[in-house]
Amino acid sequence: MERRKLLQGAGAIAAVAAAGGFTLAHSAAMPDQQRPRGMARGLTVLNIRRNGAYELAVKTDKGILLVTEAAKTLNVHAPATVDNLLQNEDGPSLNALVDAALKSSSARSAFIKEDGIEYGPIVTHPEKIVCVGLNYRKHAQEIGAPIPKAPVLFSKFNVALNHHKGTIKLPVEVAKKFDYECELVMIIGKEARNVSEADALSYVAGYCTGNDFTARDLQLETGGQWLIGKTPDQFAPLGPYMVTADQINPDNLKLETRVNGETRQSSNTSDFIFNSRQMISYISHYITLRPGDIIFTGTPEGVIQGKPKDQQVWLKPGDKIACSLEKLGELTFELV
């Protein structure tokens with residue numbers, strides 16, 4: 001009943017705005033504590049960089065909607081950034097704005113073409129970046145590792161965050177064995193602590209394509225310090241989009257990696273050892289997950305590490321990487 005009222009309210013706002021009889025000023029003036037909270041639904045969200053700052057945008061059939069521009073034109077509240085959207089659980093406001101903008105001729109100027117926009121990482125200030133290692137059966141087999149009995153966890157830091165069409169400056173002064181890891185990334189939308197597997201996916205705001213870029217020599221040849229092999233600057237590209245969770249089955253998605261146009265990884269998340277519900281539930285029993293936190297879910301077979309040593313040709317400056325996940329879009333970046 002509550003959700004029906006929210007949807008009816010959003011539709012009414014959009015309809016009145018389209019008719020030109022109402023500027024949404026009452027919505028903009030609504031106190032924060034009175035606004036409905038929750039996750040956005042049915043949207044494809046971007047974090048773009050414009051005029052030197054990150055801002056929230058939404059991919060629509062009319063083009064990329066600049067949320068702050070539309071909110072200003074329609075005089076309605078909306079989250080300004082992806083971090084605001086997630087951490088303030090401000091999804092209903094975003095849904096109402098998008099509905100209104102799509103129906104209002106006055107918001108036409110808030111839509112732009114995607115060509116030429118500058119992408120940002122899907123999130124810029126997560127409290128935590130949690131990563132799950134060895135989570136595909138065929139990947140564990142290719143590197144000769146036993147199947148884990150529980151999810152293997154490690155982390156990255158925010159300095160690793162990177163974006164679609166970005167670059168990674170390889171730290172060649174300390175490492176040589178650079179490898180790709182295409183991954184599904186889950187983005188948390190509400191606080192999760194001790195959640196059940198049955199309820200786990202209700203805590204996810206959306207999903208995106210990511211790459212757990214890795215320096216294998218730092219990961220495996222420095223006394224087992226996975227962290228320094230995983231979290232150098234720019235080693236966590238994300239994007240180009242966050243697709244809201246209601247549109248995705250995370251446990252049945254095709255994913256691929258291409259290096260300079262050559263397919264290196266081609267698999268499906270159905271090969272997960274621990275599925276999405278299990279990962280979230282397990283992590284939440286040890287670490288409180290908060291809105292905006294992200295979870296890298298592991299990589300499938302096909303990494304350079306899994307090849308015979310005489311066939312391991314590590315990545316180098318000039319290589320172009322493309323990672324794609326079904327329904328989530330293609331993430332590209334270049335090594336320099």
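Applying the salt bridge (charged side-chain N to carboxylate O under 4.0 Å, His left out) test to Lys156 and every residue at least two apart in sequence or in another chain returns Asp212. Residues passing the salt bridge (charged side-chain N to carboxylate O under 4.0 Å, His left out) test with Asp319, sequence neighbours excluded: Lys316.
In this structure, Arg137 and Ile147 have side chains that are in contact, with non-hydrogen atoms separated by less than 4.5 Å. Between Ile143 and Leu134, the closest side-chain pair of non-hydrogen atoms falls below 4.5 Å. With contacts defined as side-chain heavy-atom distances shorter than 4.5 Å, the pair Leu97/Val67 qualifies. Side-chain contact between Cys131 and Ser155 is absent, with no heavy atoms from C-beta onward closer than 4.5 Å. Side-chain contact between Ile321 and Ile168 is absent, with no heavy atoms from C-beta onward closer than 4.5 Å. Taking 4.5 Å as the limit, some side-chain heavy atom of Arg216 sits within range of a side-chain heavy atom of Val303. No side-chain heavy atom of Tyr207 sits under 4.5 Å from any side-chain heavy atom of Ile187. Proximity of Arg264 to Arg258: side-chain heavy atoms (C-beta onward) are nowhere separated by under 4.5 Å.
Between the Thr244 side chain and the Leu43 main chain, a donor and an acceptor come within less than 3.5 Å of each other. Side-chain N or O atoms of Glu142 include one that pairs as donor or acceptor with a backbone N or O of Gly302 at under 3.5 Å. Using modelled atom types, no side-chain atom of Glu69 and backbone atom of Ala110 make a donor-acceptor pair closer than 3.5 Å. Using a distance-only test at 3.5 Å, with no hydrogens or angles considered, a donor-acceptor pair links the side chain of Asp179 to the main chain of Ile304. A distance-only check finds a donor-acceptor pair linking the side chain of Asp246 to the backbone of Gly42 [under 3.5 Å]. Judged by distance alone, with hydrogens and angles left aside, the side-chain atoms of Ser276 form no donor-acceptor pair with the main-chain N or O of Asp251 at under 3.5 Å. His164 contributes a side-chain N or O that, together with a main-chain N or O of Thr332, makes up a donor-acceptor pair within less than 3.5 Å. Between the side chain of Asn47 and the backbone N or O of Pro121, at least one donor-acceptor pair lies under 3.5 Å. Side chain of Glu256 to backbone of Ser324: no donor-acceptor contact under 3.5 angstrom is found. Using a distance-only test at 3.5 Å, with no hydrogens or angles considered, no donor-acceptor pair links the side chain of Asn135 to the main chain of Gly298.
Between Pro240 and Gly329, the closest heavy-atom pair is CD-C, 4.2 Å. For the pair Val58 and Leu46, the tightest heavy-atom approach, listed with the atom from each and the gap, is C-CD1, 3.9 Å. Minimum interatomic distance between Pro92 and Pro36 (heavy atoms only, all atoms of both residues): CG-O, 3.7 Å. Scanning both residues, Met39 and Asn95, for their nearest heavy atoms gives O-OD1, 4.3 Å. Across all non-hydrogen atoms, the minimal contact from Ile64 to Ala57 is CG2-CB, 3.6 Å. When every heavy atom of Ala70 is checked against every heavy atom of Ala101, the shortest pair comes out as CB-CB, 4.3 Å.
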Might you work through the side chain to side chain contact (heavy atoms under 4.5 Å, CB included) test for Glu89 and Lys190, ending with a clear yes or no?
-> CA-CA 7 Å; Glu89 300 181 42; Lys190 62 180 179 180; 4.0 Å; yes

Please test Asn211 against Phe333 for side chain to side chain contact (heavy atoms under 4.5 Å, CB included), starting from the C-alpha separation and ending with a verdict.
-> CA-CA 10 Å; Asn211 195 290; Phe333 55 95; 3.8 Å; yes

Would you please test Met242 and Thr44 for side chain to side chain contact (heavy atoms under 4.5 Å, CB included) and show each step?
-> CA-CA 6 Å; Met242 180 189 83; Thr44 298; over 6 Å; no

Go through the steps for Gln247 and Lys327 under the test side chain to side chain contact (heavy atoms under 4.5 Å, CB included), then give the verdict.
-> CA-CA 9 Å; Gln247 305 176 79; Lys327 300 181 181 180; over 6 Å; no

Worked verdict on Tyr119 versus Glu114 for side chain to side chain donor-acceptor pair (under 3.5 Å) = CA-CA 10 Å; Tyr119 298 86; Glu114 188 167 358; 2.6 Å; yes

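Under a cut-off of 6.0 angstrom, the local environment of CG in Asp61 is sparse, with at most 12 non-hydrogen atoms contributed by other residues, nucleotides or ligands. More than 12 heavy atoms of other residues, nucleotides or ligands shown are found within 6.0 angstrom of NZ on Lys62. Atom NE2 of His125 has 12 or fewer neighbouring heavy atoms from other residues, nucleotides or ligands inside a 6.0 Å radius.
For residues 160-178, the pairs satisfying salt bridge (Lys or Arg N to Asp or Glu O under 4.0 Å) are Lys177-Glu221, with sequence neighbours left out.
Under 4.0 Å is where a charged nitrogen must lie from a carboxylate oxygen, and between Arg193 and Glu191 no such pair does.
Side chains of Asp90 and His77: a donor on one and an acceptor on the other come within 3.5 Å. Asn84 and Thr81 share a side-chain donor-acceptor pair at under 3.5 Å. In this structure, a donor-acceptor pair under 3.5 Å is present between the side chains of Thr124 and Asp83. At a cut-off of 3.5 Å, with distance as the only test, no side-chain donor of Glu183 or Tyr136 sits close to an acceptor on the other residue.
One hydrophobic cluster, built from ILVMFWY side chains closer than 4.5 Å, cannot hold both Val152 and Ile273; they sit in different ones. The hydrophobic clustering, which links ILVMFWY residues whose side-chain heavy atoms are closer than 4.5 Å, places Phe178 and Val336 apart. Put simply, Leu184 and Ile248 are part of the same group of oily side chains (I, L, V, M, F, W, Y) that touch within less than 4.5 Å, one to the next. Ile295 and Val45 fall into different hydrophobic clusters, where Ile, Leu, Val, Met, Phe, Trp and Tyr are joined by side-chain heavy atoms under 4.5 Å apart, directly or via other members. Leu161 and Leu331 fall into different hydrophobic clusters, where Ile, Leu, Val, Met, Phe, Trp and Tyr are joined by side-chain heavy atoms under 4.5 Å apart, directly or via other members.
When the options Gln265, Glu181, His139 are evaluated for a side chain to side chain donor-acceptor pair (under 3.5 Å) with Thr299, the one that passes is Gln265. If you run side-chain contact (heavy atoms from CB on, under 4.5 Å) between Ile294 and each of Val130, Val123, Leu86, only Val123 comes through. Just one of Phe213, Tyr180, Phe157 meets the ring pair (Phe, Tyr, Trp, His ring centres under 6.0 Å) condition when paired with Phe235; it is Phe213.
A distance of 6.5 Å separates OG1 in Thr60 from CG in Leu65, rounded to the nearest 0.5 Å. With rounding to the nearest 0.5 Å, the separation of CG in Leu66 from OG1 in Thr68 is 6.5 Å. Once rounded to the nearest 0.5 Å, the distance linking CZ of Arg277 with CD of Glu197 reads 9.0 Å. Separating the CD1 atom in Ile280 from the CG atom in Asp199 is a distance of 11.0 Å, to the nearest 0.5 Å. Between Ile117 atom CD1 and Ile48 atom CD1 the span is 5.5 Å, to the nearest 0.5 Å. In this structure, the separation between CG on Leu255 and OG on Ser266 is 8.0 Å, given to the nearest 0.5 Å.
Here Phe154 and Trp226 bring their ring centres to under 6.0 angstrom of each other.
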